[in-house]
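Below is one structure, written out as structure tokens; comments come after it.
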Amino acid sequence: MPISWNEIRDRALAFTREWVDESSEDAEAKSFWDGFFNVFGITRRRVASFEAPVKKGDGQGGFIDLLWKGVLLVEHKSRGKNLDRAARQAFDYFPGLKERDLPRYVLVSDFARFRLFDLDNNEQHDFTLAELPKHVRLFGFIAGYQTRSFGQQDPVNVQAAEKLGKLHDQFKAAGYDGHALEILLVRLLFCLFAEDTALFERRLFQDYLEQRTGEDGTDLGMHLAQLFQVLDTAPEKRPKALDEQLATFPYVNGQLFTEVLPIAACDRAMRETMLDCCALDWSRISPAIFGSLFQSIMDTTARRNLGAHYTSETNILKLIGPLFLDELWAEFHRIKRNRNQLFEFLKKLSKLTFFDPACGCGNFLVIAYRELRLLELEVLRQVRQNDQLMLDVFQLIGVNVDQFHGIEIEEWPARIAEVALWLTDHQMNLKVSEEFGQYFARLPLKKAPHIVNGNALKIDWNDVIPAWRLSYLLGNPPFVGKKEQSAEQKAELLGVFVGTKGAGVLDYVTCWYRKAAEYMGSGQHGFDSAQPTSCSLSGVEGKILAAFVSTNSITQGEQVGILWPDLYRRGVMIHFAHRTFQWNNEARGKAAVHCVIIGFGLHDIADKWLFDYDTPKSEPHAIKATTINPYLVDGPDVVVEKRMKPLCSVPEIVFGSKAVDFGHLVIDANELDGFLAAEPAVKPYIREFIGGEEFLNGGKRYCLWLKGVAPQMLRSMPLVMKRVEAVKEERLRSVKGPTRDLARSPAEFGEDRQPDTPYLLIPKVSSESRYYVPLGFMTPEIIINPTVLVIPNASLYDFGVLQSSMHMAWMRAVCGRMKSDYQYSASIVYNNLPWPEPNEKQQAAIETAAQAVLDGRNKFPDATLADLYDSLTMPPELVKAHQTLDRAVDAAYGKIVFKTEAERVAFLFERYQQLTAPLALMEKTEKKGKRKRL
């Protein structure tokens, strides 16, 4: 156990007085350095040796004055000698050391001056012996006070996972696998961390392995088994004749070492890898992200991309900040001058409870725990500042890991989550020790996090923690789209949403929202009827606050109309939300995930916040909201459901034609000339075939348009007949009955929706990087495919409204997404668009501006629409034309200026609500009338 900083400073003063006037020649060096280590409460012989033999960089043999393997190398010279030369000599020893023995610190001295090199942080510190008491904290690593600002970018996180991955593979190859291996590795993680953070004495675990196990490794398994048993046994219950080195290990408890594991058969390579693991500085490990990295070692493929399997702390803080942390800090600042309220606030912090029902390796719980402890530490600082009396601050530390609960479907990450919380607890204890100058640790472990290994969709969450006891529900449930769900996941989803029409299209993550709503509802009932208000503490007394990270698809398209009415019926209200942003997991070569964060409860709150992003990769800016609807817009709480006909009196929209030809009626541009040369008679029946790709990016495709062609003409074209025959055969082989029926007319498209008049084309999918999704007029000779939607007989006015910012904002708010790209929908976007009601002058202004947009495009005949509407290359004259069109359309809506797109969307939702309210009332009246007639 480290001694206090106060005692270290006292010892440093005594050491300085003893040696400052001494000559301290080489003969006295051992006494000097023994005394130096004693300043920090460490027996030098226990950790470091004098005159360590080594081969220098020039190949010559030499001796290191003092070496603490893996930690500190000391080179001393007589008083007044050149320290630069001493430093060069010290670093010259590095090539002769094993990698795991390379020091993290180099200290050179002439007994009157010190120069300390911190190699991890690339820092150099120079001071005299007389100044040692002022600089003792630089040597905290000797005493065990090695607090660090660890982070996700620290390469030691990846190095540690790679080393453990190698060890995992070696044990598995030796036949030691499954549950036993998982528990063994979790225990080793704890031991490695413990000896670098003063839970164990420095190098206690490493020395035991080096000194007590044979170099061939055959007895390693036996020694580990004995060590684990010792760690699980209280000192008073240990054998009287227990080996002295084993007896030095503390009692851990917490059931981490309770289970008896099979003894592993080990070899030399496994022992070497374990010692390599010991050589890493585990005090630098971030439990917040290492858990996920550690989990990835179980998957060889995943291990190739280490760094892609953790959630960044920045993103976790986006959730826990508005959920609870921001308000707790605000409360602290309000009451920090009031002694009694501070003590009550400390009690409150110790009673808050947290639950992640899809906790994985515990990332969210770990960060939440760390931040709560940091807040508690700040409160303790304030208590000390306010109160001149000598208080035992350690008695005031109340926040502990048993306030944190989770469910994880896999045992391996569930166990990691528990250990990660313990490790974080100790890191926070070290911060407390650093702050108040006295070592504080919780060993043996008396309290444990409650992580349940099970399926969160089949477990009653009240069995994990009763809802009336819970303060905050949080996490990052799994994202699995409807097409990616396994049969088991689909069955679980439908089991959660029993009776909800259309639930099969929902993302898997929605199950956690539905379960959360039911769980919070059960807590309100239990709370009201049976429990005192003090049992649950959250932002609103006695009511759970919740927040989940989710795929943004649950706030877009058809999912909104299915999920959110269901949640609304259960009382859900949105309190805060992060609109779509890129979920940054630092993945190398991994597709970005676009997410939202939704904070909610079963009660209303006064202050609601929206966090908006200019782009998915930009930083958020907070906007105070009145009402946050399911589209994460500050607007009326409405849900846009599928509509088969337009809400307003406008032309109907139709889907593109579907060939159902298995590619046989389609001709690529590069094969057209050859096909025409071989079959000249087919030329009148070849049409341009356009889809979203061709419309936006240029290029040509063609198709055989054989509708109405005389039979004798078809038979006169053998290459065409060959293609038609292939279509027939493919359709007959289909497992779908309607497709087989289409084999009766194989020369024609399976689903023909080709307009016989000019039409306006809308691509179904368009890049999110475009502010305007380009639309365009086409002639009926150009055949449309299923990747577009078209409006036959559309007018210039229709084009103007649909090409405007009003329509674009509506589209972005309610459309679905394909990855991050916009996916236009007839039933959700177009048919629900609240159109303006312009007067003649306003309509004429829109038509004039719309023609100017088309004219602006025509000035660049060689440019594709993708070129013209790229945010970086859009011509200024086209930009101005669109701005003019936007002003004309805005005026038709009766609005002159919108400061933000959010204002546009809120306005459109209000307009939508005005238009749909009479329809809803009419439908309700009709249903009521039908019931009466029945």
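Values in this document were obtained by computation on a predicted structure and should not be read as measured data.
Considering every non-hydrogen atom in both Pro322 and Lys318, the closest pair reads CD-O, 3.1 Å. The two atoms that bring Gln803 and Leu775 nearest to each other are OE1-N, 2.9 Å, heavy atoms only. In this structure, Val790 and Leu761 approach most closely via the heavy-atom pair CG1-CA, 4.2 Å. Shown here for Trp705 and Val709, the closest heavy-atom pair between the two residues is O-CG2, 4.4 Å.
A 4.5 Å side-chain heavy-atom check between Tyr912 and Pro834 finds at least one atom pair inside the cut-off. By the 4.5 Å heavy-atom criterion applied to side chains, Phe695 and Ile784 are not counted as neighbours. Counting heavy atoms from C-beta on, the side chains of Tyr508 and Glu484 never come closer than 4.5 Å.
Side chain of Arg731 to backbone of Thr739: no donor-acceptor contact under 3.5 angstrom is found. A donor-acceptor pair under 3.5 Å is formed between the side chain of Asp634 and the backbone N or O of Thr626. Remark: the backbone N or O of Gly504 is paired with a side-chain donor or acceptor of Lys490 at under 3.5 angstrom. Under a 3.5 Å cut-off, the side chain of Thr787 and the backbone N or O of Gly692 do form a donor-acceptor pair. For Gln851 (side chain) and Thr848 (main-chain N/O), no donor-acceptor pair under 3.5 Å exists by modelled atom type. Side chain of Gln754 to backbone of Ile782: a donor-acceptor contact under 3.5 angstrom is found. Side chain of Asn831 to backbone of Arg643: a donor-acceptor contact under 3.5 angstrom is found.
Side-chain contact check for Asp637 and Thr627: no donor-acceptor pair (N or O, by modelled atom type) lies under 3.5 Å. Defined by atom type and a distance below 3.5 Å, a donor-acceptor pair is missing between the side-chain atoms of Thr551 and Asp507.
With rounding to the nearest 0.5 angstrom, the CD1 atom of Ile598 is 9.5 Å from the CD1 atom of Ile628. How far CD1 of Ile686 is from OH of Tyr702: 9.0 Å, rounded to the nearest 0.5 Å.
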* Pair Ile667-Phe689, side chain to side chain contact (heavy atoms under 4.5 Å, CB included): steps then yes or no -> CA-CA 9 Å; Ile667 303 168; Phe689 190 43; over 6 Å; no
* Tell me, with the steps shown, if Phe611 and Phe581 meet ring-ring contact (aromatic ring centres under 6.0 Å, His included). => CA-CA 10 Å; Phe611 297 88; Phe581 66 97; over 10 Å; no
* **side chain to side chain contact (heavy atoms under 4.5 Å, CB included) assessment of Arg857 paired with Leu865** => CA-CA 8 Å; Arg857 294 178 186 177; Leu865 287 171; 4.0 Å; yes
* Asked: Given the rule in the side chain to side chain contact (heavy atoms under 4.5 Å, CB included) test, do Lys859 and Asp855 qualify, once you have shown the distances and angles that lead to the verdict?
  -> CA-CA 7 Å; Lys859 291 179 181 179; Asp855 293 342; 5.6 Å; no
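Of the residues listed (Leu493, Leu567, Val496), the one engaging Thr510 in a side-chain contact (heavy atoms from CB on, under 4.5 Å) is Leu493, and it is the only one.
Cation-pi contact between Arg812 and Tyr631: absent, since separation from the ring centre below 6.0 Å together with deviation from the ring axis within 45° is not met. Phe898 carries Lys895 over the face of its six-membered ring, with the cationic atom under 6.0 Å from the centre and within 45° of the normal.
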Can I get a per-line list of side-chain donor-acceptor pairs under 3.5 Å for residues 872-883, giving both atom names and the distance, sequence neighbours left out?
unit_1 : atom_1 : unit_2 : atom_2 : d
Thr873 : OG1    : Asp867 : O      : 2.7
His882 : NE2    : Tyr869 : OH     : 2.7

